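One structure is given below, encoded as structure tokens.
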Amino acid sequence: MSEVSVRLAHTADHLVVERLWLMFSHDMSEFRGLLPGPDGAFRGERLRAAFTDSDWAPYVATIGDRPVGFVFVRGLGGRERVLNSFFVVRGARRSGVGLRMVREVVARHSGPWAVAFQDANTAAVRFWRRAATEIAGDAWSEKRQPAPGRKDLPPDVWISFDTSVRSGG
């Protein structure tokens with residue numbers, strides 16, 4: 001999938017990213033026990049923040065003119081950037097698209113990074129450990145922290161790495 005393009009999303013991309021957000025939210029509902037609201041939509045605070053908060057950056061990935069995923073980054077003005085939301089459509093998964101998205105976005109914001117996922121999401125566990133190793137070699141760490149405001153859920157897994165330091169691995 002060498003035709004993959006990853007770029008900063010603009011206001012004109014909002015509707016496309018919103019549609020991808022619904023698919024992402026549906027996928028994540030399996031691991032978070034979330035249901036859509038009465039209108040059929042999932043909560044969209046992170047989607048709104050990605051497009052309106054200056055501390056966030058939304059990226060969209062395409063193959064040709066077809067959207068295949070998005071990445072939301074928060075913490076641009078802080079010490080550590082957080083890969084807040086990440087999604088690849090099922091038809092493009094396991095093709096290298098996701099890793100390319102992560103590499104390109106992380107390369108645009110050098111420094112410390114963190115990403116959270118759930119142990120129950122076994123595909124995410126494999127993907128994020130591989131991505132961290134490819135980006136930071138053996139210089140990454142993993143820890144578990146309680147899911148904010150959700151004592152009923154298992155802790156989130158957090159992977160951290162720093163792109164300003166690269167060690168072999």
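Worth saying up front: this structure is predicted, and the values here are computed from it rather than measured. Sequential numbering from 1 along the given sequence is applied to the chain's residues.
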Worksheet item: Quick one: are Arg100 and Val97 in side-chain contact, heavy atoms under 4.5 Å?
Response: no
Item to complete: Kindly give the heavy-atom pair with the smallest separation between Asp55 and Gly78, and that separation in Å.
Response: OD1-N, 4.2 Å
Worksheet item: Where does the angle between the aromatic ring planes of His14 and Phe51 fall among parallel (under 30°), tilted (30 to 60°) and perpendicular (over 60°)?
Response: perpendicular
Worksheet item: Can you tell which of Arg144, Gln118, Lys143 makes a side-chain hydrogen bond (donor to acceptor under 3.5 Å, both in side chains) with Asp156?
Response: Gln118
Worksheet item: Between Thr133 and Trp140, is any side-chain donor less than 3.5 angstrom from a side-chain acceptor?
Response: yes
Practice prompt. Indicate the ring-plane relationship of Trp21 and Phe70, choosing parallel, tilted or perpendicular according to the 30° and 60° boundaries.
Written response: tilted
Worksheet item: Can you name the closest pair of heavy atoms from Val6 and Ala61 and give their distance?
Response: CG2-CB, 4.2 Å
Worksheet, complete the sentence: What one should report as the nearest heavy-atom pair of Leu8 and Ala57 is CD1-CB, 4.0 Å
Fill in: Between OH on residue Tyr59 and CE on residue Met101, distance to nearest 0.5 Å
12.0 Å
Worksheet item: Going from CG on Leu47 to CD on Glu18, what distance comes out if it is rounded to the nearest 0.5 angstrom?
Response: 6.0 Å
Worksheet item: CG/Asp138 to CZ/Phe161 distance, rounded to the nearest 0.5 angstrom?
Response: 14.0 Å
Practice prompt. Please report the shortest heavy-atom distance between Ala132 and Ile159, naming the atom on each side.
Written response: CB-CG2, 3.7 Å
Item to complete: May I ask you to decide if the ring planes of Trp56 and Phe72 are parallel, tilted or perpendicular, using 30° and 60° as cut-offs?
Response: perpendicular
Worksheet item: Ion pair present between Asp53 and Arg74, side-chain N to carboxylate O less than 4.0 angstrom?
Response: no
Discussion item. Set out, in order, the CA-CA distance, both residues' side-chain angles and the distance that settles side chain to side chain contact (heavy atoms under 4.5 Å, CB included) for Val102 and Ile135, then state yes or no.
Written reply: CA-CA 9 Å; Val102 173; Ile135 291 167; 3.4 Å; yes
Worksheet item: Going by heavy atoms in the side chains, are Val73 and Val105 under 4.5 Å from each other?
Response: yes
Worksheet, complete the sentence: When every non-hydrogen atom of Asp119 is compared with those of Val125, the smallest separation belongs to O-CG2, 3.7 Å
Worksheet item: Nearest 0.5 Å, what's the NE2-OG distance between His109 and Ser164?
Response: 14.5 Å
Worksheet entry | Salt bridge Glu104-Arg7, side-chain N to carboxylate O under 4.0 Å | no
Fill in: Closest contact, heavy atoms only, Gly111 versus Arg81
CA-NH2, 3.4 Å
Worksheet entry | Separation of Phe127 CZ from Thr122 OG1 (nearest 0.5 Å) | 14.0 Å
Discussion item. Tell me whether the count of non-hydrogen atoms from other residues, nucleotides or ligands lying under 6.0 Å of CZ in Arg108 goes above 12.
Written reply: yes
Practice prompt. Check step by step if ring pair (Phe, Tyr, Trp, His ring centres under 6.0 Å) holds for Phe117 and Trp158.
Written response: CA-CA 7 Å; Phe117 52 91; Trp158 283 86; 9.1 Å; no
Fill in: Flag side-chain contact, heavy atom, 4.5 Å: Leu83 against Val71
yes
Worksheet item: If you measure from CG on Asp65 to CD on Glu3, what distance do you get to the nearest 0.5 Å?
Response: 10.5 Å
Discussion item. When you compare the side chain of Pro155 with that of Gln145, does any pair of heavy atoms fall below 4.5 Å?
Written reply: no
Worksheet item: Just wondering, do Trp113 and Asp162 contact through their side chains at under 4.5 Å, heavy atoms?
Response: no
Worksheet entry | Verify same cluster id: Phe87, Trp128 (apolar side-chain graph, 4.5 Å) | yes
